[in-house]
Amino acid sequence: MTLSNDARFWDRSARRYAAAAVSDPRGYERTLRRTRELLEENDHVLELGCGTGSTALRLADGVASYLGTDFSPTMIAIAQEKLAAAPVAALSFLAATAEDPALRAGQYDAVLAFNYLHLVRDLSGTLRRIHALLADGGLFISKTGCLGDMNPLIRLALLPAMRAIGKAPYTGAFSASALERQVAAAGFEILATELHADGGSDRRPYMVARKR
């Protein structure tokens, strides 16, 4: 699948995605609390891969400005519907990727990427772009599925087969340790790596890194 095919996949999935329940509510709330602790009221925040805006709507009232972006126009349309129903003055949404020229270098105090990095096709390039988007000393906060640490049958057989028939998007197969190395190589100091799951098999690391 190409990037445009990936976008169409998420466009088709958007309404179903918006209606789905959070799989680990306690873990999700833990992530929200931790992120709020890290953000300050004067911060300008960018969220990449914001989906239908649920997290943005929970966090945006605590900062100066919050831009939620996603490369799926349908996801963004649903996010804008939610925002119209429950306005938050600091919040806006934009259909865009990290590379969009509308996102200016050095503009953001924090960049958030939840359930996003494993979906990008050029991980090292995306991390360098995030580094460029941040102001000096800005924070990069992510929570990412690491397929390289999961059952190899999923990585080597199930996902490729599903992608081949258009039932799954591109998914990068890196481990948590490989992700940490990539983040550091992009110019970040890793401040914390945490697991927020409320038990079970969710091993998505929550990472806090500062632009060097």
Side-chain angles (χ1 to χ4, degrees), residues 7 10-11 13-15 17-117 119-120 126-127 129-144 188 191-192 194 196 204-211:
W10 289 111
D11 281 340
S13 306
R15 294 289 172 185
Y17 178 89
V22 175
S23 59
D24 180 5
R26 290 185 180 179
Y28 178 60
E29 293 297 328
R30 193 171 294 121
T31 293
L32 289 175
R33 287 195 300 272
R34 180 72 166 110
T35 305
R36 286 194 202 96
E37 292 171 359
L38 294 164
L39 299 179
E40 300 182 0
E41 62 181 9
N42 293 323
D43 280 350
H44 299 281
V45 177
L46 170 67
E47 184 183 352
L48 300 170
C50 72
T52 60
S54 297
T55 296
L57 285 159
R58 296 285 301 274
L59 295 176
D61 62 353
V63 298
S65 71
Y66 191 117
L67 175 62
T69 65
D70 198 282
F71 76 162
S72 164
T74 305
M75 290 280 194
I76 290 298
I78 295 171
Q80 289 171 332
E81 291 170 7
K82 292 181 179 180
L83 181 59
V88 180
L91 179 58
S92 59
F93 292 105
L94 177 68
T97 66
E99 291 73 25
D100 195 300
L103 308 179
R104 300 195 305 276
Q107 184 175 4
Y108 301 100
D109 301 294
V111 173
L112 315 182
F114 300 130
N115 302 310
Y116 173 77
L117 291 178
L119 300 176
V120 303
T126 296
L127 291 170
R129 173 61 171 161
I130 291 169
H131 187 274
L133 290 169
L134 282 164
D136 290 344
L139 293 181
F140 172 46
I141 304 169
S142 67
K143 185 177 180 180
T144 304
F188 291 96
L191 304 179
E194 305 165 0
H196 291 176
R204 291 173 296 165
Y206 177 95
M207 186 185 302
V208 184
R210 176 179 289 125
K211 177 177 178 175

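Basis for what follows: all heavy atoms, side chains included, without hydrogens, waters or symmetry-related copies. Index from 1, following the sequence.
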Show the nearest heavy-atom pair for residues L134 and L139, with the distance to one decimal.
CD2-O, 3.4 Å

Taking atom CZ as the centre, does R36 end up with more than 12 heavy-atom neighbours from other residues, nucleotides or ligands that are less than 6.0 angstrom away?
yes

For residues 73-94, tabulate all N or O donor-acceptor pairs below 3.5 Å that involve a side-chain atom, not counting sequence neighbours.
from : atom 1 : to  : atom 2 : distance (Å)
T74  : OG1    : D11 : OD1    : 3.1
E81  : OE1    : R15 : NH1    : 3.2
E81  : OE2    : R15 : NH2    : 3.1
K82  : NZ     : T52 : O      : 3.3
K82  : NZ     : T52 : OG1    : 3.0
K82  : NZ     : S54 : OG     : 2.9

Going from OH on Y108 to CG on D43, what distance comes out if it is rounded to the nearest 0.5 angstrom?
13.0 Å

Quick one, Q107 and L133 - any side-chain contact, counting heavy atoms below 4.5 Å?
no

Run L112 and T55 through side chain to side chain contact (heavy atoms under 4.5 Å, CB included) and show every step you take.
CA-CA 10 Å; L112 315 182; T55 296; 5.6 Å; no

One should read off an interatomic distance between T35 OG1 and F114 CZ, to the nearest 0.5 angstrom, of 3.5 Å

Which heavy atom of S65 sits nearest to which heavy atom of H44, and what is that distance?
OG-ND1, 2.6 Å

Smallest separation among heavy atoms of G68 and C50, with atom names:
C-SG, 3.5 Å

Nearest 0.5 Å, what's the CG-CG distance between L127 and L117?
6.0 Å

Whether H131 and F188 hold their rings parallel, tilted or perpendicular, with breakpoints at 30° and 60°
perpendicular

Over all heavy atoms of both residues, which pair between A96 and T69 is shortest? Give the atoms and the distance, please.
O-CB, 3.9 Å

Once side-chain hydrogen bond (donor to acceptor under 3.5 Å, both in side chains) is applied, do any residues pair with H196, and if so which ones, sequence neighbours excluded?
T31, E194

Can you measure from CG (D70) to CD (E47) and round to the nearest 0.5 angstrom?
9.0 Å

How about CD on E37, more than 12 heavy atoms from neighbouring residues, nucleotides or ligands closer than 6.0 Å, or not?
yes

Go through the side-chain N and O atoms of S23 and Y28 and say whether any donor and acceptor fall under 3.5 Å apart.
no

Reported CZ-to-CG distance for the pair R34 and L39, which is rounded to 0.5 angstrom:
10.5 Å

Min side-chain heavy-atom separation R30-D24 under 4.5 Å:
no

In this structure, CG of L48 is separated from CG of L67 (nearest 0.5 Å) by 9.0 Å

In terms of heavy-atom contacts, G27 and K143 come closest through O-NZ, 3.8 Å

Minimum heavy-atom distance between V63 and E40, given as atom pair plus value
CG1-O, 3.6 Å

